[in-house]
Peer 1: 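Dropping the structure in here first, questions after.
The figures here come from the full heavy-atom set of this structure, side chains too, leaving out hydrogens, waters and symmetry mates.
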Amino acid sequence: MKYILRVALKKDNKLYVRRPGEAETRVCTVKEATEILDKTRRQIYRYLDGGILVNKGKFLGEWLIDFQSVKNLCGFPMRTQPV
């Protein structure tokens with residue numbers, strides 16, 4: 001199965017993803033999300049499974065998360081973790 005995903009690192013060292021038929025969106029890696037949200041990788045993966053954070057694809061073994069969903073989560077109080 002083939003997937004077309006264009007990943008670009010701009011001059012300002014920010015990652016962007018573009019799929020055919022979609023606009024270019026800013027993304028961050030799980031490592032960056034852990035630093036921004038001050039959470040563990042495990043908590044980030046749970047947020048991805050729960051749909052709280054939006055997954056935009058996987059590149060070289062690293063999940064790419066929609067940066068806007070990470071910023072939106074910054075403003076909310078702690079959420080309960082699914083069991």
Side-chain angles (χ1 to χ4, degrees):
M1 200 180 321
K2 291 186 179 181
Y3 294 100
I4 298 175
L5 179 72
R6 294 181 188 258
V7 179
L9 181 64
K10 301 286 177 132
K11 290 181 181 179
D12 55 358
N13 286 333
K14 295 177 183 173
L15 281 173
Y16 290 87
V17 167
R18 184 174 194 169
R19 291 185 179 177
E22 292 183 10
E24 187 175 67
T25 56
R26 174 140 187 253
V27 293
C28 67
T29 62
V30 174
K31 182 179 183 277
E32 290 174 307
T34 59
E35 293 169 359
I36 293 170
L37 297 173
D38 196 30
K39 306 277 184 201
T40 63
R41 289 180 78 89
R42 183 181 206 146
Q43 289 172 314
I44 299 297
Y45 291 134
R46 286 183 179 164
Y47 286 147
L48 283 169
D49 285 340
I52 297 167
L53 293 176
V54 180
N55 175 17
K56 287 293 186 177
K58 196 171 189 180
F59 182 70
L60 296 175
E62 185 71 30
W63 289 106
L64 301 176
I65 305 168
D66 181 44
F67 188 74
Q68 189 59 42
S69 67
V70 173
K71 282 300 196 187
N72 290 343
L73 189 59
C74 281
F76 288 106
M78 283 181 45
R79 294 181 179 226
T80 57
Q81 296 291 324
V83 179

Peer 1: Between the side chain of Glu35 and the main-chain N/O of Glu32, is any donor-acceptor distance below 3.5 Å?
Peer 2: no
Peer 1: Are Ser69 and Ile52 side-chain neighbours, meaning at least one heavy-atom pair lies under 4.5 Å?
Peer 2: no
Peer 1: From Asp38 CG over to Gln43 CD, what is the distance, rounded to the nearest 0.5 angstrom?
Peer 2: 9.0 Å
Peer 1: Does this structure show an ion pair linking Arg18 with Glu22, if we count only N-O contacts that are shorter than 4.0 Å?
Peer 2: no
Peer 1: As an exercise, state the distance from CG of Leu48 to CD1 of Ile65, rounded to the nearest 0.5 Å.
Peer 2: 4.5 Å
Peer 1: What are the two closest heavy atoms between Leu37 and Val70, and how far apart are they?
Peer 2: CD2-O, 3.6 Å
Peer 1: So among Val7, Val17, Val54, which one has a side-chain contact (heavy atoms from CB on, under 4.5 Å) with Val27?
Peer 2: Val17
Peer 1: Rounded to the nearest 0.5 Å, how far does OH of Tyr45 lie from CG of Asn55?
Peer 2: 10.5 Å
Peer 1: Regarding Glu24 and Lys56, does a basic nitrogen lie under 4.0 Å from an acidic carboxylate oxygen?
Peer 2: no
Peer 1: Could you report the tightest heavy-atom contact between Thr34 and Ile44, atom names first, then the distance?
Peer 2: CG2-CG1, 3.7 Å
Peer 1: With the 4.5 Å side-chain cut-off for hydrophobic clustering, are Tyr47 and Val30 part of the same group?
Peer 2: yes
Peer 1: Between Asp66 and Arg26, which heavy-atom pair has the shortest distance, and what is it?
Peer 2: OD1-O, 3.5 Å
Peer 1: Kindly indicate whether the side chain of Phe67, heavy atoms from C-beta on, has any atom under 4.5 Å from the side chain of Ile36.
Peer 2: yes
